[in-house]
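Step one of this worksheet: look at the structure below.
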Amino acid sequence: MLLAASVIQSFAQQVVSGVASGAIYASLALALVLIYRAMDVANFAQGEMAMFATFVAYTLITQFHLPYLLAFVLTILLAFAGGVIVERAFVRPFEGAPVLTLVIVTLALFSIVNGLAGLIWGYVFKTFDSPFPARSVQVGGVFVGIQDLGVIAVTLVVLAVVFSFFRYTRLGLAMRAAALYPESSRLLGVRTSRMLALGWGLAAAVGAVSGMMVAPIVFLDPNMMQPVLLFAFAAAVLGGIESPVGSVIGGVIVGVLLALVGTYLPGGQNLRIPFGLIVIVAVLLFRPAGLFGRREMKRV
Amino acid sequence: MVLLELTQVVATYGPVRALHGIDAQVPEGSIVALLGANGAGKTTTLRAISGMVKATGRIRFDGHEVLNRRPEDVARLGVAHVPEGRGTLAQLTVWENLQMGAYIRRDRNRVKQDLDRVCGYFPWIPQRRRQPAALLSGGEQQMLAIARALMLRPRLLLLDEPSLGLAPIVVREIFDLIQAINREEGLTVLVVEQNASLALQLARRAYVLEVGRVVLEGESDELARNESVRKSYLGY
Ligand SMILES: Nc1ncnc2c1ncn2[C@@H]1O[C@H](COP(=O)(O)OP(=O)(O)OP(=O)(O)O)[C@@H](O)[C@H]1O
Ligand SMILES: [Mg+2]
């Protein structure tokens, strides 16, 4: 009886912390989807850009002694600007190029950003303090970490802002139209090229949040985001790489599955990366459009 | 005053030359039709005006040289282009389509009035405003495309085969509507049409294109009496 209770307790804790990790994957997955929808290219540098932003936050906090919240907001703004600049400098020159060219550009960006971060901040692991206390609270008979709840809450706020922006603002509407129907949108006066730059900025900002949320868990170093990127890809592919909502749900599913795999399978911690790859391959094989992917809207 | 003037416009798709030097004029406040068989270059002419295809020559709109300007900049000068295939923003709702039509406008109150106005023209719109435009029938999408174009408050409306796929009675309604807006608000229209007899009723002037060249031009009633036009395009 007691044993059963503790099994349930530990299972519930794993689920909650899985949802929290999933929230982190969801942010980065959403960033991937935003760019994918706009240019049909997965941005392989998305994780590295998030890592770079996290180092910026680290510097703002440790060198400039800014309070966490201020550094957090400032980093998001800087990441946005950085995303816009990266698009203008590295992507715009390849406008209209084949997809493969653009993929190679993002891979090059991956190495450049990674190397640059190593050059500036070095490869020694750094601790990035969490803004949340390390305590647990009891919710419905289950102990859950405030850290986990905090990550989930922050992610929910970010997602709500992003989705409201796309749904309720004129600019968000124009960005959606430009991503889906570039030619028609241009005939309506939409500067689609500018919309793409804004999309990169937005993606970088959302990605930065995932970086800042993951850093306290894994230590800060230039390679920190690489597993996260893999899981974000798994999330995006699972949800449907064209679907922002799907990417978020995919993130949560991947997060929970990984937590359970890591806990309950023997040697599970080492199975996380292969598991992420398996998810990607399995979805691409059996349901390429993902759970929420472009089911072309049909008239009935 | 001539609102739109094309001088020796040559347009190419890669190695394929689609227009071989088009000369045409659209007077302000008029309706002008472009007629011609499939592949004559009607769509390409409209695309050249909107900057969607590379061209040489001269295209003057309202005192601006618009040749090879970007489509978004041409739109911002007040040219609304309903393209071949309607340009429906299929995944967006009907209402969002209309809002995108008014994207470049800043006069919010007038935009609201214009939303009411187009709902007056197409009374089915309000009850379906929340539906994705993809769910509309072909004819409804064509009406939505025209409504969207009107939302821009254009000075020049470019219509590429507005009658395509519409029931004859709906075509009538739409053509009457275009004529009414032209008469009441002085909207200038350049319309590409397969249905020559209808187009000649709608338009004051018309140009007949054959393989990328203007082969005939004139007042509509003149053209309607012309032997070769009657044979080739009117079928009597
Ligand atoms: N994207 C393209 N690439 C290559 N050639 C093209 C392209 N679009 C049109 N053309 C060619 O240009 C010529 C003119 O085409 P256009 O579409 O302007 O004709 P149209 O008069 O609009 O015909 P329709 O009545 O069938 O719509 C045709 O010979 C066509 O094959
Ligand atoms: Mg055509």
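Chain identifiers are assigned alphabetically (A, B, ...) following the order of the sequence lines, protein sequences preceding nucleic acid strands; residue numbering begins at 1 within each chain.
- The part of B/Leu152 that comes within reach of chain A is its side chain, from C-beta onward, which places non-hydrogen atoms under 4.5 angstrom from that chain.
- Under the 4.5 Å side-chain criterion, counting only non-hydrogen atoms from C-beta, B/Ile59 is not in contact with B/Glu5.
- Of the atoms belonging to B/Met52, it is side-chain heavy atoms, and not backbone ones, that fall under 4.5 Å from chain A.
- Side-chain contact, A/Arg186 with A/Ser193: no donor N or O sits under 3.5 Å from an acceptor N or O.
- Heavy atoms of other residues, nucleotides or ligands lying less than 6.0 angstrom from CD1 of B/Ile169 number 12 at most.
- For chain A, the nearby part of B/Arg148 is the side chain; its heavy atoms alone come within less than 4.5 Å.
- Salt bridge annotation for B/Arg47-B/Glu84: absent, with no cationic side-chain nitrogen under 4.0 angstrom from a carboxylate oxygen.
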